[in-house]
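We number each residue from 1, following the sequence as shown. Hydrogens, waters and symmetry mates are skipped; everything else that's a heavy atom, side chains included, is used.
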Amino acid sequence: MSGASRSILARAVSESGLLSGRLEFFDLQLPKQSQASLVIALRAAHEAADSLLAAAALAHMAFAPAFSGDPTRTDEARERLRAARAFARRGDANPEFNAWLDAVEAEVETKFGNTRQALSLIRHAEESYADVDAGAAPSPAWLDWFSPTRLAGFKGNTLLAAGCSREARETLAEVIAELPESEIKQKSIYLADAAAACVQEKNPTAACALLQDALDLLASNWYAVALDRIKQVRTTLRQWDSLPEVRALDARLYDWHITVNSLV
């Protein structure tokens, strides 16, 4: 196989590994399998000499230790991100790509409780997007999941973790309104986060309404990560267990469809 053909094939394998890793981690909640797919993506990126694909694979590898709940894995997550930054610089990443790396790092730091640093990263990402002009190099086609709206979604989650409930709710309301109709799974996440903001503001009725909307989306577009987020919000509604809205939420949350899908 010629060098050019080998590079084209390796790049395709890397993109496939990256997509598989995303699906395994976020949709199927299989972090070990996800890491294996991302290693394949990284090795194939090396064969293709594609530094940006390598950066993407490494950045995604930071999610598993960050989401594990294990505080001893903070250095592991941060090391992956440092490596991703190095490869991004090597690949002359454009402002949008760097904004995405800021967003990923912000989510990781949010998981570790460092919301001040996370919000600083979000601000830097917003500034990076502001620097994008017509002459900027285009982002890779496989980065099509990221956008200013997605960045605002990261911001809403971090504001929520920081206890800035009003700002989080307002930010997430804008995100939900602007999100393309095709991004149904992500919308269910943002609805759950908006519900969490309402709980912080002692508004269980509004929270239940938003969670019901999220469950409407799960009925036709299953997303395990979103269900986990919904259940996390439900645990914060315990003081309002007797409200009709909360009981109606439970009836929906534990119907046949949700119960069976959550266990298979």
Work out which heavy atom in [X] is nearest to a heavy atom in [Y]; give both atom names and the distance.
X: A64; Y: P31; value: CB-CB, 4.5 Å
X: Q29; Y: A224; value: OE1-CB, 3.4 Å
X: E24; Y: S34; value: OE1-CA, 3.2 Å
X: T158; Y: T115; value: CG2-O, 4.0 Å
X: E109; Y: L121; value: CG-CD1, 4.4 Å
X: L172; Y: G153; value: CD2-O, 4.3 Å

Inset, instruction - For R116, look at atom CZ and say whether over 12 heavy atoms of other residues, nucleotides or ligands are found less than 6.0 Å away. - result: no

Any Lys/Arg nitrogen of [X] or [Y] sitting under 4.0 Å from an Asp/Glu carboxylate oxygen of the other?
X: D102; Y: R123; result: no
X: R252; Y: D216; result: yes
X: E170; Y: R166; result: yes

Between [X] and [Y], is any pair of side-chain heavy atoms under 4.5 Å apart?
X: L160; Y: R169; answer: no
X: R78; Y: F112; answer: yes
X: L159; Y: I122; answer: no
X: V199; Y: R234; answer: no
X: S14; Y: D50; answer: no

Legend entry - Candidate pair D27 and Y223, rule side-chain contact (heavy atoms from CB on, under 4.5 Å), full reasoning: CA-CA 6 Å; D27 292 63; Y223 194 26; 3.7 Å; yes

Legend entry - Value rounded to 0.5 Å, distance of CZ in R43 from CD in E47: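 Going from the CZ atom of R43 to the CD atom of E47 covers 10.5 Å.
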
Legend entry - Candidates F67, F25, W100 - the one meeting ring pair (Phe, Tyr, Trp, His ring centres under 6.0 Å) with H60: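 Only one of F67, F25, W100 forms a ring pair (Phe, Tyr, Trp, His ring centres under 6.0 Å) with H60, namely W100.
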
